[in-house]
Amino acid sequence: MASKKIITVFGATGAQGGSVVGALLKDRSFAVRAVTRDASKPAAVKLKESGAEVVSADLDNEKSLEAALSGAYGAFIVTNFWDHFSKDKEVKQGKSIADLCKRLGLHHVIYSGLENVNKLTGGKLEVLHFDGKGVVEEYFHQISVPVTSVRLAFYYENFLTAGKPQKSKDGNSYDLVIPMCDVPMDGISVSDLGPVVVSILKNPKEYIGKNIGLSAEKLTVAQYADIMSKVSGKIIKDSKIPPEVYEKLPFQGAEEMANMFRFYMMVPDRDVPQTHKLNPNIKCFQRWLEENKEAFIKAL
Ligand code: NAP
């Protein structure tokens, strides 16, 4: 029996890559090579136990990347802006791995990209964690790597961490602090990415060369808050915060996030039907929240 084609998965110990490894292992069509900077960490050990080959590599160390990609048919690539908050660094990491994919002749690369907002808006708006990925996405196409870029919407999982509703001043209710001014915002559970990537890898002819905006559904902040109230039994309301106020909130990256929401208000192309076609079992927000109700209430 011919051995399975290898898919190298970056970010395998994280949210996106972890979902991709899980779906590839479940599907069993490909062999999985999971990348981490530290193969001894518990998340990496778990990946090994579940059947993935685990290799150590660092996006900042080209030699290690070459070993991780050698002999692979394809790769899933995600870079983590929030590790360093630098567009330049994200571009450097992305371009060097793109060059390597080209040189090693990978047959299909799935890149976790986003729009180059700065270019799209003629310099009017900068969203650094989008712009860098946009530059890299374009570079992949320019140097003719067989690539599909997946542009993920806002993760539902953000509502369990930095994006969780905040206790309001009266102490009896919660405010959902997202500056979208009644414009619907796309969302997706990052745990639903894996099956999307498997579908793309199994249909290369259909998807190579495309950038696909992924979204399970579009809801206004008031609709997100209503569903949160219904599922949790707490009172959760849209704070109606404008971006000009949001960007001054006291947390690192507030201005960057405000600019991201300004871009979301320009309604970037996130293709809900295409996303459901790629993962027919994708969760809408209410279903995701019902499945994560306990964690959500605990986070409040
Ligand atoms: P995550 O859960 O924090 O995981 C980050 C992963 O990146 C880890 O597996 C880590 O592996 C790996 N990593 C970081 N630096 C590395 C390096 N130098 N070399 C090799 N691996 C490295 O992150 P995630 O959510 O999967 O992905 C983050 C990206 O998603 C960000 O760039 C963000 O802009 C993008 N994104 C987020 C959203 C959202 O709503 N949150 C939506 C769309 C896009 P080890 O630590 O094991 O080495």
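Numbers for residues simply follow the sequence, beginning at 1. The structure presented is a predicted model; accordingly, all values stated were derived computationally and were not measured. For ligands, and for the atoms within them, numbers begin at 1 and follow the listed sequence. Scope of the values below: all heavy atoms of this structure, side chains included, with no hydrogens, waters or symmetry mates.
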Would you mind listing which atoms of ligand 1 come within a distance below 4.0 Å of any non-hydrogen atom of Thr79? 29 (C), 31 (C), 32 (O)
Under 3.5 Å, N or O to N or O, is Val35 touching ligand 1 that way? no
Are any of the heavy atoms in Ala153 under 4.0 Å away from ligand 1? yes
At less than 4.0 angstrom from any non-hydrogen atom of Ala57, what atoms of ligand 1 do you find? 20 (C)
If the cut-off is 4.0 Å to any non-hydrogen atom of Phe154, which atoms of ligand 1 fall inside it? 40 (O)
Could you tell me, atom by atom, which parts of ligand 1 come under 4.0 Å of a heavy atom of Asp58? 17 (C), 18 (N), 19 (N)
So is Arg151 touching ligand 1 or not, going by heavy atoms under 4.0 Å? no
Could you point out which residue of Arg270, Arg151, Lys218 forms a salt bridge (Lys or Arg N to Asp or Glu O under 4.0 Å) with Asp186? Lys218
Return the orientation label for the His107 and Tyr73 ring planes: parallel under 30°, perpendicular over 60°, tilted otherwise. parallel
Quick one: does Leu289's side chain get under 4.5 Å of Phe159's, heavy atoms only? no
Exactly one candidate in Asn203, Ile200, Asp271, Val197 meets side-chain contact (heavy atoms from CB on, under 4.5 Å) with Leu278; the answer is Ile200
For ligand 1, is any non-hydrogen atom under 4.0 Å from Val78's backbone (N, CA, C, O), its side chain (CB onward), both, or neither? side chain
So, is Leu114 polar-close to ligand 1, with some N/O to N/O distance under 3.5 Å? no
Who pairs with Asn211 by side-chain hydrogen bond (donor to acceptor under 3.5 Å, both in side chains), at least two apart in sequence or on another chain? Glu137, His141
4.5 Å side-chain heavy-atom contact, Lys133 and Phe81: yes
Looking only at N/O atoms, are Gly11 and ligand 1 under 3.5 Å apart anywhere? yes
List every atom of ligand 1 that sits less than 4.0 Å from any heavy atom of Asp83, numbering the atoms from 1 in the order shown and giving each element. 14 (C), 15 (N)
What atoms in ligand 1 come closer than 4.0 Å to a heavy atom of Lys41? 45 (P), 46 (O), 47 (O)
Report yes if Phe10 has an N/O atom closer than 3.5 Å to an N/O atom of ligand 1; otherwise report no. no
Within the 4.5 Å heavy-atom criterion, are Asp88 and Lys92 side-chain neighbours or not? no
If you count the atoms of ligand 1 from 1 in the order shown, which ones are under 4.0 Å from a heavy atom of Thr36? 45 (P), 47 (O), 48 (O)
pair Trp288-Ile188: side-chain heavy atoms closer than 4.5 Å: no
Short N/O distance, under 3.5 Å, between Asp38 and ligand 1? no
Closest heavy-atom pair and its distance - Ala39, Ser56: CB-OG, 3.6 Å
Any nitrogen or oxygen of Ala15 lying under 3.5 Å from a nitrogen or oxygen in ligand 1? Just yes or no. yes
Atoms of ligand 1 close to Trp82 [distance to a heavy atom under 4.0 angstrom, numbered from 1]: 31 (C), 33 (C), 34 (O)
Does the plane of the ring in His129 sit parallel, tilted or perpendicular to the ring in Trp82? Use 30° and 60° as the thresholds. tilted
Mind checking whether Glu90 contacts ligand 1 via backbone (N, CA, C, O), side chain (CB onward), both or neither, at a 4.0 Å heavy-atom cut-off? side chain
Report yes or no: does Lys210 contribute a side-chain atom to a donor-acceptor pair with the main-chain N or O of Glu206 at less than 3.5 Å? yes
Ligand 1 N/O within reach of His129 N/O, cut-off under 3.5 Å: no
